[in-house]
Amino acid sequence: MTARPVVYGASDRPPRGDYGRAQDDYTCAQNFAAYTEADHDTYHRLYQRQSTLLPGLASEAFIAALPLLGAKERIPRFDDVNERLYRATRWQLVAVPGLIPEVPFFTLLANRKFPVTDWIRTPAEFDYIVEPDVFHDLFGHVPLLFNPVFADYVQRYGEGGLKAARLGACEMLSRLYWYTIEFGLIREAGGLRAYGAGILSSSGELPYAVHSPAPRRLPLALERAMRTRYKIDSYQQTYFLIDSFEQLFQLTDQDFAPLYAQLRGLPEFAPGD
Ligand code: PHE
Ligand code: FE
């Protein structure tokens, strides 16, 4: 088998990663030699802009763990991050050429391996990119993998994904990923904060998600989130709130098979309902 590119959602562009580099499990070596000084500079400038936005908008656990990614001036070597990450929660980063199909993705997560795209956006995409790049994947996702409860949630999600694949329920489960790991909000002592990677890696959506009166903010309920469609190319119109990572873990610590059966065939909610 050779690894094939994959796209989620509608797009006019083919995926840009070189899937010829990937092994059967879709992982590849981080192509560190390919980074130019301009690439490192893009990372530095993205990191700089985003890290100054975090206070008051990002969850405390995220802010506390961010320095564990290493120096902000250059794209880190994943192996370097791994020394700290593995010690903290037994997670590891693995490089991938871009988005990968559901089953290989779930398999990696179930094994506490987080796939990180190794290439970085062009300067023209500084403000917005649809496909995840190394900045989104590292800056957005990796800090919370240092949090033991969140780290366990992501592994459980991977196991649940393999089960959902057997049950033909990937679409329902992927909405839970979207509305928690990518776009989740959390109520903290200081107020509403973001913990979802798609928010945390976006300079526009971070203040929008926390403060704008435009989007709906609903307490996370599995049935509601799993029935809510989402847009991948605009700010979210609905966010789901949790009170703690423990709550998120407990809410999802049940057999989803009956839930999938119950939800199948029920009408969906539009992104902004
Ligand atoms: N409990 C879910 C199941 O039985 C698995 C899961 C755990 C899914 C955590 C998402 C998050 O399928
Ligand atoms: Fe992501």
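Position 1 is the first residue of the sequence, and the numbers go up from there. These numbers were taken from a predicted model, which means no experiment stands behind them.
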(message) For the CD atom of Glu182 and the OG atom of Ser201, what is their distance to the nearest 0.5 Å?
(response) 7.5 Å
(request) Report whether Tyr128 and Tyr43 are members of the same hydrophobic cluster (ILVMFWY, side-chain heavy atoms less than 4.5 Å apart, transitive linking). (result) yes
(request) Identify the heavy atoms of Leu145 and Leu85 that sit nearest to each other, and give their distance. (result) O-CD1, 3.6 Å
(request) Report yes or no: does Glu205 contribute a side-chain atom to a donor-acceptor pair with the main-chain N or O of Gln236 at less than 3.5 Å? (result) yes
(message) Are His211 and Leu206 packed together at the side-chain level, in the sense that at least one heavy-atom pair is separated by less than 4.5 angstrom?
(response) no
(message) Minimum heavy-atom separation for Gly190 and Arg193, please, with both atom names.
(response) O-NH2, 3.3 Å
(message) Minimum heavy-atom separation for Ile199 and Ala194, please, with both atom names.
(response) CG2-CB, 3.7 Å
(message) Any side-chain to backbone donor/acceptor pair from Thr252 onto Phe249? Under 3.5 Å, distance only.
(response) yes
(message) Are the side chains of Lys113 and Thr27 in contact, using a 4.5 Å heavy-atom criterion?
(response) no
(request) Decide whether Leu138 and Tyr86 are clustered together by the hydrophobic rule: side chain heavy atoms of Ile, Leu, Val, Met, Phe, Trp, Tyr closer than 4.5 Å, transitively. (result) no
(message) Taking the side chain as everything from C-beta on, heavy atoms only, tell me whether Trp178 gets closer than 4.5 Å to Ile232.
(response) yes
(request) Quick one: pull up CG in Asp127 and CG in Leu46 and give me the separation to the nearest 0.5 Å. (result) 8.5 Å
(request) Supply the atom-to-atom distance Ser202 OG to Tyr235 OH, rounded to the nearest 0.5 angstrom. (result) 5.0 Å
(message) Quick check on the hydrophobic clustering: are Leu259 and Phe269 connected, directly or via other members, by side-chain heavy-atom contacts under 4.5 Å?
(response) no
(request) Spell out, as yes or no, whether a donor-acceptor pair under 3.5 Å connects the side chain of Glu131 to the backbone of Leu99. (result) no
(request) Could you pull out the closest heavy-atom pair between Ala29 and Ala95, with the gap in Å? (result) C-CB, 4.0 Å
(message) To the closest 0.5 Å, what do you measure between OG (Ser244) and CD (Glu188)?
(response) 10.0 Å
(message) Between Cys170 and Phe106, is there a side-chain heavy-atom distance shorter than 4.5 Å?
(response) yes
(request) Answer yes if the side chains of Gln250 and Glu246 hold a donor-acceptor pair under 3.5 Å, and no otherwise. (result) no
(message) Is the distance from the ring center of Phe146 to that of Phe62 below 6.0 Å?
(response) no
(message) Run Gln155 and Arg90 through side-chain contact (heavy atoms from CB on, under 4.5 Å) and show every step you take.
(response) CA-CA 11 Å; Gln155 177 186 357; Arg90 311 245 144 210; over 6 Å; no
(message) Just verifying a value: how many Å separate Leu53 CG and Gln48 CD, rounded to the nearest 0.5 Å?
(response) 10.5 Å
(message) When you compare the side chain of Leu173 with that of Leu176, does any pair of heavy atoms fall below 4.5 Å?
(response) yes
(message) Parallel, tilted or perpendicular, judged at 30° and 60°: which one describes the rings of Phe114 and His141?
(response) tilted
(request) Determine, step by step, whether Thr36 and Asp41 satisfy the side-chain contact (heavy atoms from CB on, under 4.5 Å) criterion, reporting the C-alpha distance in whole Å, the side-chain angles of both residues, the deciding distance to 0.1 Å, and the verdict. (result) CA-CA 9 Å; Thr36 63; Asp41 182 58; over 6 Å; no
Hey, can you pull the donor-acceptor pairs under 3.5 Å for the side chains in residues 65-78, sequence neighbours left out?
unit_1 : atom_1 : unit_2 : atom_2 : d
Arg74  : NH1    : Glu37  : OE1    : 3.2
Arg74  : NH2    : Glu37  : OE2    : 3.1
Arg74  : NH2    : His40  : NE2    : 3.4

(message) Regarding Glu171 and Ser174, do their side chains bring together a donor and an acceptor under 3.5 Å, going by distance alone?
(response) no
(request) State whether the side chain of Gln247 and the backbone N or O of Asp243 hold a donor-acceptor pair below 3.5 Å, judged by distance alone. (result) yes
(message) Quick check on Lys163: does its NZ atom have over 12 non-hydrogen neighbours (other residues, nucleotides or ligands) under 6.0 Å away?
(response) yes
(request) Decide whether Thr180 and Tyr157 meet the rule of one side-chain donor and one side-chain acceptor closer than 3.5 Å. (result) no
(request) For Arg227 and Asp273, run salt bridge (charged side-chain N to carboxylate O under 4.0 Å, His left out): C-alpha distance rounded to whole Å, both residues' side-chain angles, the deciding distance at 0.1 Å, then the answer. (result) CA-CA 11 Å; Arg227 288 171 61 193; Asp273 280 350; over 6 Å; no
(request) Check whether any side-chain heavy atom of Ile181 lies under 4.5 Å from a side-chain heavy atom of Tyr153, and answer yes or no. (result) yes
(request) Determine, for Phe240 and Arg224, whether the Lys NZ or Arg CZ falls below 6.0 Å from the six-membered ring centre while staying within 45 degrees of the axis. (result) no
(message) Working note: Glu223 + Leu263, criterion side-chain contact (heavy atoms from CB on, under 4.5 Å); need CA distance, chi angles, decisive distance, verdict.
(response) CA-CA 7 Å; Glu223 314 76 48; Leu263 298 183; 4.0 Å; yes
(request) Please confirm whether Tyr195 and Phe245 have ring centers closer than 6.0 angstrom. (result) yes
(message) I'd like to check Trp91 versus Leu109 (side-chain heavy atoms, cut-off strictly below 4.5 Å). Are they in contact?
(response) yes
(request) Specify the closest pair of heavy atoms between Pro271 and Thr238, including all atoms of both residues, with the distance to one decimal. (result) O-OG1, 2.6 Å
(request) Starting at CG of Leu241, measure out to CZ of Arg217 and round the result to the nearest 0.5 Å. (result) 8.0 Å
(message) Any non-hydrogen side-chain atom of Ile120 less than 4.5 Å from a side-chain atom of Asp133?
(response) yes
(request) Compare every heavy atom of Tyr26 with every heavy atom of Pro97, then report the nearest pair and how far apart it is. (result) CD-O, 3.3 Å
(request) Look at the rings of Tyr35 and Phe32 and say which category their plane angle falls in: under 30° parallel, 30 to 60° tilted, over 60° perpendicular. (result) perpendicular
(message) My understanding is that only residues two or more places apart in sequence, or in another chain, count here; which of them pass side chain to side chain contact (heavy atoms under 4.5 Å, CB included) with Pro207?
(response) Leu57
(message) Taking side chain to side chain contact (heavy atoms under 4.5 Å, CB included) as the criterion, tell me which of Ile242, Ile186, Leu185 meets it with Leu220.
(response) Ile242
(message) Does Arg216 form a side-chain contact (heavy atoms from CB on, under 4.5 Å) with Gln237? I'd like the steps, not just the answer.
(response) CA-CA 6 Å; Arg216 255 99 19 246; Gln237 294 173 280; 3.9 Å; yes
(request) Check for a donor-acceptor pair, side chain of Asn82 on one end and backbone N or O of Gln92 on the other, with a separation under 3.5 Å. (result) no
(request) Just say parallel, tilted or perpendicular for the rings of Tyr179 and Tyr230, cut-offs at 30° and 60°. (result) perpendicular
